[in-house]
Amino acid sequence: MKGESKLNNVVIGVVGGLGHIGLIQSACLAGLGYNTIAYDIDKEKIAGVLNGKLPFEEAGLQKLVRETVNDGLLKITAQIDDLEEAEIVFICVGTPSLSNGEADLSQVYQAVEQMARNRNRHCLAVIKSTVPVGASAKLTAHLKKLNLSNKVTMVSNPEFLREGSGVEDFWNPARIVVGSEIKEAGEKVAGLYAPDGVPVIITSWESSELIKLASNAFLSTKISFINEISILCEQVGADVRTISKGIGLDPRINPHFLAAGVGFSGPCLEKDLQSLIDQFKKTNQKARILESVLEVNETLRHSVVEKLLAELGRLKDKNIAVLGMAFKEETDDVRQSHSLPIVQNLISQGAMVTVTDPWVKSPEQAGLSEDVLPGVTWVDSPYAAAKDKDAILILTAWQEYRDLDLARIKQLMANPLIVDGRNLFNKDDLKAQEIKYQGVGI
């Protein structure tokens, strides 16, 4: 338990309460002492959580869920009627990308409408889901057409949680952002869990929604910027890691998100960037920088395969080990992971691929159907993956991979070659082991 609730006797609901954001939100609010009701339609997932099996890995979350459930502060339910007593309801459902990059808001609309129809008294509906600018206003208009606006007041409260450290980010946020057309509603939401001393921005719906999208777009831009610099580094003999350190020491820039590599991926950055580009198009504007960010990111995904081709000549019938399937370390999330299209590229060129990941042990655990990565072999360790391989491709920056016994790796491989998409190694160390090495921008 983290502390005491700041608002007395407030009951909180969470729709999408067992999703990645929803479960963190539910458990942490309960950890503050609020009576919290997490609603989810997946009864099998609910049973798993109540039996101690969380649907994903997240540091500190399992213990917090267990404690708050046992203390009676966190209730998990598949009954929408149970949200009737909640006066603040967080909407934490998915907003996946459509084929044109537009965010699909069908789950958000369904969640808000269903919640409104199944209650007799007013509540605040707080949008945690990442939505396009104007979504709160459109949802309000939609509720008005359905004669449900007396049941719900919309509030925007975007999340800024990092996967792998989401619980810690909840306790120690960099800022709290709330968008509301009614000052008292915004202040009430901000007052729920803003720690003392943390900046709080209470603004309009539109500004709140755009702060979230612009934040992720800027982080994506920093990654693609340094990755584009890495391309030049390879041509002129510079080391992108030194470049990153040199520019990151400038306090106006800072070193975060300046590690060159195979690019960004996962369930947030690319999706939000595509959504923002789509919103530019709908206003007849061109998002020149943002479109370039996506282009550079795609280029870097292809570049690691091109490095393999440059060393091996062709990939047909070559045995390739891929280290890392999660989109980043300290998570088991493979949603929109860069590893998937890269492995698919290897397969399409006739390579025989073996994959491993410390937290993703099988396609079933990753939620992948058999046709996504056909013919791929899954093993439990990087050493098992390295055996008799023509090359190793590193795609996720797990500490376990940084600590590899390179002498053992060389002995296991048929051809000692490492293409390091995360720049985990010093090339001189690989040279000393007589292992061919290709990094990114080094």
Colleague: Got a donor-acceptor contact below 3.5 angstrom from the S224 side chain to the V293 backbone?
Modeller: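 Looks like yes, one N/O pair under 3.5 Å.
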
Colleague: Please identify each residue that fulfils salt bridge (charged side-chain N to carboxylate O under 4.0 Å, His left out) with R314, with sequence neighbours left out.
Modeller: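 Partners of R314 under the salt bridge (charged side-chain N to carboxylate O under 4.0 Å, His left out) test: none.
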
Colleague: More than 12 heavy atoms of other residues, nucleotides or ligands under 6.0 Å from CG of L309: is that the case?
Modeller: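 Counting other residues, nucleotides and ligands, CG of L309 exceeds 12 neighbours.
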
Colleague: Is it true that the NZ or CZ of R422 lies under 6.0 Å from the centre of Y401's six-membered ring and within 45 degrees of the ring axis?
Modeller: no

Colleague: Give a yes or no on whether a salt bridge exists between D390 and K318, defined as a side-chain N under 4.0 angstrom from a carboxylate O.
Modeller: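 Salt bridge absent between D390 and K318.
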
Colleague: Can you name the one residue among D82, V89, I80 that meets side-chain contact (heavy atoms from CB on, under 4.5 Å) with Y39?
Modeller: I80

Colleague: Decide yes or no for W378 and V376: does some side-chain heavy atom of the first lie under 4.5 Å from some side-chain heavy atom of the second?
Modeller: yes

Colleague: Is the closest side-chain heavy-atom distance between I392 and M413 below 4.5 Å?
Modeller: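 I392 vs M413: side chains touch.
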
Colleague: Looking only at heavy atoms, which two atoms of H338 and T396 are closest? And how far apart?
Modeller: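 Taking every non-hydrogen atom into account, NE2-OG1, 4.4 Å.
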
Colleague: What pair of heavy atoms forms the shortest contact from Q107 to P96, and how long is it?
Modeller: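 That would be NE2-CD, 3.9 Å.
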
Colleague: I'd like to know if the side chain of S129 reaches the main chain of V131, judged simply by a donor and an acceptor atom lying under 3.5 Å from each other, with no hydrogens or angles considered.
Modeller: no

Colleague: Any non-hydrogen side-chain atom of S265 less than 4.5 Å from a side-chain atom of Q336?
Modeller: no

Colleague: On the ring face of Y383, is R408 found with NZ or CZ under 6.0 Å from the centre and within 45° of the axis?
Modeller: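 Geometry flag: set, cation within 6.0 Å and 45°.
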
Colleague: Apply the test salt bridge (charged side-chain N to carboxylate O under 4.0 Å, His left out) to residues E209 and K128: give CA-CA distance (whole Å), side-chain angles for both, the deciding distance (0.1 Å), then the verdict.
Modeller: CA-CA 10 Å; E209 292 158 348; K128 272 286 176 189; over 6 Å; no

Colleague: Do the ring planes of Y109 and H142 sit parallel (below 30°), tilted (30 to 60°) or perpendicular (above 60°)?
Modeller: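 Rings of Y109 and H142: perpendicular, as their planes differ by over 60°.
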
Colleague: Verify the neighbour count for atom CD of E434: are there more than 12 heavy atoms of other residues, nucleotides or ligands below 6.0 Å?
Modeller: no

Colleague: Check for me whether K212 meets the cation-pi criterion with F160, that is, NZ or CZ under 6.0 Å from the six-membered ring centre and within 45 degrees of the ring axis.
Modeller: yes

Colleague: Take atom CZ in F425; do more than 12 heavy atoms of anything else shown fall under 6.0 Å from it?
Modeller: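 Yes - once you tally the heavy atoms of other residues, nucleotides and ligands closer than 6.0 Å, there are more than 12.
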
Colleague: If you compare all heavy atoms of W205 against all heavy atoms of S136, which two are closest, and at what distance to 0.1 Å?
Modeller: CG-CB, 3.4 Å

Colleague: Could you walk me through whether K431 and N426 satisfy the side-chain hydrogen bond (donor to acceptor under 3.5 Å, both in side chains) test, starting with their C-alpha distance in whole Å, then the side-chain angles of each, then the deciding distance to 0.1 Å, before giving a yes or no?
Modeller: CA-CA 9 Å; K431 185 177 180 180; N426 184 314; over 6 Å; no

Colleague: So, do I418 and L430 sit near enough that their side-chain heavy atoms are less than 4.5 Å apart?
Modeller: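 Contact flag for I418/L430 side chains = yes.
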
Colleague: Looking only at non-hydrogen atoms, find the nearest pair between Y437 and N423 and report the distance.
Modeller: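 Shortest heavy-atom separation between Y437 and N423 comes out as OH-CA, 4.0 Å.
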
Colleague: For the aromatic rings, using the six-membered ring if either is Trp, is the centroid distance between Y193 and F170 under 6.0 Å?
Modeller: yes

Colleague: Take Q279 and S275, measure what side-chain hydrogen bond (donor to acceptor under 3.5 Å, both in side chains) needs, and give me the verdict at the end.
Modeller: CA-CA 6 Å; Q279 292 170 68; S275 174; 3.1 Å; yes

Colleague: Below 4.5 Å, heavy atoms only, C-beta onward: do N216 and L273 meet side chain to side chain?
Modeller: no

Colleague: So with a 6.0 Å cut-off around CD of Q110, is the heavy-atom count from everything else above 12?
Modeller: no

Colleague: Taking atom NZ of K361 as the centre, does the number of heavy atoms from other residues, nucleotides or ligands within less than 6.0 Å exceed 12?
Modeller: yes

Colleague: Got a sec: does the CD1 of I41 have more than 12 other heavy atoms crowding it under 6.0 Å?
Modeller: no

Colleague: Is any side-chain heavy atom of L139 closer than 4.5 Å to a side-chain heavy atom of I127?
Modeller: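 They are in contact (side-chain heavy atoms under 4.5 Å apart), so the answer is yes.
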
Colleague: Around atom CD of E228, are there more than 12 heavy atoms from other residues, nucleotides or ligands closer than 6.0 Å?
Modeller: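 No - once you tally the heavy atoms of other residues, nucleotides and ligands closer than 6.0 Å, there are 12 at most.
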
